Amino acid sequence: MNLTTGGAGPGTGPLTDPVTGLVPAPVPGPVEGTAPDPPYDYPGYRSTRLRAPKRPLLPLPQGETERRGPLFGESSVDPADSDLTIGGTGAPIGERIIVSGRVTGSTGRPVRRQLVEIWQANAAGRYRHGTDNHDAPLDPNFTGAGRCLTDDDGRYRFVSIRPGEYPWANHQNAWRPAHIHFSVFGTNFAERLVTQMYFPGDPLLALDPMFQSVRDRRAAELLVARFDLAGTVEHWALGYVFDIVVGGRGQTPADGPTAL
Amino acid sequence: MPTGTSPPTLTPSQTAGPFVSIGTEWDATGQAVPDGTPGVVYVEGHVLDGLGQPVTDAMLEFWQADPDGRFPPESVFASWTGFTRALTGQDGSYRLVTLKPGPVPGPAGEAQAPHIDVSIFARGLLQRLVTRIYFSDEEELNSSDPVLAGLGGPSLVSRLVAIRQPGRQPGGPARASTFRFDIRLQGDQETVFFAPW
């Protein structure tokens with residue numbers, strides 16, 4: 001865990017907890033490594049309180065089970081699953097977007113022919129889910145779920161609708177920034193990653209406990225997509241690029257030991 | 001040790017959130033094999049939070065070898081992927097329909113007792129949690145398993161061993177076995193969680 005909380009260079013200064021107004025104390029990570037992941041126990045995100053484990057994680061030596069990982073094939077997905085705007089009887093409401101990028105290992109090798117899944121709120125900030133009771137309309141033409149396989153260069157591409165921001169119960173007047181949930185598989189069990197993609201320039205990022213839970217600001221910035229003029233389709237949709245780097249959060253057989 | 005000077009390269013984890021089912025339910029069958037497959041076993045349990053309340057919005061992923069201890073593409077079992085997902089229900093329960101894995105090699109080629117690696121994703125988990133399911137009817141192999149031996153005592157070992165339930169599965173195949181494995185995120189019996197990296 002990289003738990004830099006200040007003084008380590010530009011862009012890594014203390015981040016104020018949006019709930020308490022305090023700078024959280026560094027939380028001891030379970031394993032030392034280069035991973036920028038957030039701590040399990042992060043008081044600014046209220047749901048961690050009863051769910052973050054209290055005991056330290058134990059190391060799991062890389063046996064055959066961890067050296068291998070699930071393999072997905074063409075039968076896993078339909079090519080239409082990568083376009084979230086075509087599942088209904090008409091076009092969903094909202095601003096059409098194209099989100100593309102590459103999934104690579106920490107040495108830059110592409111993650112080939114692996115599954116990428118996304119899920120998101122609709123343009124009004126409402127999820128199609130029984131427990132989302134936000135007072136905003138559902139869109140009959142938008143499920144908010146998509147998936148595809150990366151190509152041989154690790155590239156993926158989705159067509160979707162820009163998701164809306166929405167309120168949540170974490171603290172007073174709490175709003176999630178616009179985001180798309182991403183689930184990716186690397187080449188082995190250790191590289192499994194679920195994360196969220198954010199949009200550039202969103203003023204809610206500075207107030208969002210989930211985004212702020214990544215204590216290293218440079219790492220957090222990797223979660224913000226880039227506007228992509230080259231990926232924009234004229235008269236049709238704006239493009240964003242979100243590249244994803246998976247790694248063993250320490251070392252992987254595929255990449256060899258990383259500097260710790 | 002991290003130096004803090006080189007820029008981060010790995011994409012950070014973020015929580016799967018309360019709506020993870022939207023993106024994953026297409027694949028959340030809970031079945032590694034069809035129910036009724038010869039040799040089928042059921043692994044059942046609940047995911048519980050620090051108050052012992054059910055975690056109703058978790059997505060579990062199971063990753064395991066086949067009964068010969070092999071993974072795709074080497075596995076000769078029909079349609080075996082080794083990968084199964086399940087969503088917890090309103091009572092926090094899950095059910096996995098699978099075949100018991102065979103022993104697999106550890107880091108140095110030494111035998112590890114049959115086990116299933118489990119990833120837990122849910123609201124409130126900023127990263128996934130990882131644990132392992134072992135089987136109570138594999139006493140001999142469990143007793144020599146290097147991971148179990150390294151836990152630090154029988155109390156911790158018992159938290160990773162799924163208990164075979166007496167009796168046959170009602171209405172199920174005659175030889176089916178049911179194992180019970182609860183996942184406790186906190187508390188006196190907090191499940192042992194691993195850093196698999």
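What you see is a predicted model, and the numbers here were worked out from it, not measured in a lab.
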Could you name the residues of residues 18-29 of chain B that have a heavy atom within less than 4.5 Å of a heavy atom in chain A? B:P18, B:F19, B:V20, B:S21, B:I22, B:G23, B:T24, B:W26
Are A:R51 and B:D57 close enough for a salt bridge, meaning some N to O gap below 4.0 Å? yes
Using side-chain heavy atoms (C-beta onward) and a distance below 4.5 Å, is B:S13 in contact with A:V194? no
Heavy-atom pairs under 4.5 Å with chain A are the metric here; pick the option from B:R85, B:Q64, B:R184 that has the most. B:R85
Report the option among A:G63, A:A145, A:P70 that has the most heavy-atom pairs separated by less than 4.5 Å from atoms of chain B. A:P70
How long is the span from the OH atom in A:Y42 to the CG atom in B:L126, to the nearest 0.5 Å? 9.0 Å
Which portion of A:L84 sits near chain B, non-hydrogen atoms under 4.5 angstrom: neither
Atom of A:A52, atom of B:Q186 and distance for their closest heavy-atom approach: O-NE2, 2.8 Å
Please determine, among A:G73, A:S213, A:P61, A:G69, the option with the most heavy-atom pairs under 4.5 Å with chain B. A:G69
With sequence neighbours excluded, residues passing side chain to side chain contact (heavy atoms under 4.5 Å, CB included) with B:D188: none
What is the distance from atom CZ of B:R159 to atom CZ of A:R55, rounded to the nearest 0.5 Å? 5.5 Å
Could you have a look at A:R49, A:R147, A:K54 and say which one has the most heavy-atom pairs with chain B under 4.5 angstrom? A:R147
Max heavy-atom pairs within cutoff under 4.5 Å with chain A, candidates B:V104, B:T15, B:L125, goes to B:T15
Taking the six-membered ring for Trp, are B:F193 and A:Y40 ring centroids under 6.0 Å apart? no
Point-to-point distance, once rounded to the nearest 0.5 Å, from CZ of B:R128 to CZ of A:R192: 7.5 Å
Would a 4.5 Å heavy-atom cut-off, applied to side chains only, mark A:H179 and B:Q14 as touching? no
Where on A:L71 is there a heavy atom nearer than 4.5 Å to chain B: the side chain, the backbone, both, or neither? side chain
In this structure, CD of A:E64 is separated from CZ of B:R70 (nearest 0.5 Å) by 11.0 Å
Highest number of heavy-atom pairs under 4.5 Å with chain B: which of A:F211, A:F189, A:Y127? A:F189
Does any non-hydrogen side-chain atom of B:T11 lie less than 4.5 Å from one of A:V246? no
Can you say whether A:F182 sits under 4.5 Å from chain B via the side chain, the backbone, both, or neither, judging by heavy atoms? neither
Greatest number of heavy atom pairs closer than 4.5 Å to chain A - which of B:S119, B:P72, B:G187, B:G82: B:P72
Counting only non-hydrogen atoms closer than 4.5 Å, does A:S183 touch chain B with its backbone (N, CA, C, O), its side chain (CB onward), both, or neither? side chain
Contacts of B:F179 meeting ring-ring contact (aromatic ring centres under 6.0 Å, His included) (sequence neighbours excluded), chain-then-number -> B:F135
Chain A contact residues among residues 46-55 of chain B, heavy-atom distance under 4.5 Å: B:D49, B:G50, B:L51, B:V55
If one checks every heavy atom of A:E117 against chain B at 4.5 Å, the contacting part turns out to be side chain
Does any heavy atom of chain B fall under 4.5 Å from the side chain of A:T104, the backbone, both, or neither of them? neither
Could you tell me if the side chain of A:L57 sits less than 4.5 Å from the side chain of B:Q127, heavy atoms only? no
Engaged part of A:R46 at the chain B interface, taking heavy atoms whose separation is under 4.5 Å: neither
Less than 4.5 Å to any heavy atom of chain B: does that hold for the side chain of A:D243, its backbone, both, or neither? backbone
Can you check whether A:E66 reaches B:F194 side chain to side chain, under 4.5 Å on heavy atoms? no
Test side chain to side chain contact (heavy atoms under 4.5 Å, CB included) on B:L10 and A:L193; report intermediate values, then the result. CA-CA 10 Å; B:L10 299 184; A:L193 179 68; over 6 Å; no
Out of the candidates B:V192, B:T131, B:V130, B:V147, only one should pair with A:L58 under the side chain to side chain contact (heavy atoms under 4.5 Å, CB included) rule; please name it. B:V192
Region of A:T65 that comes under 4.5 Å of a non-hydrogen atom in chain B: both
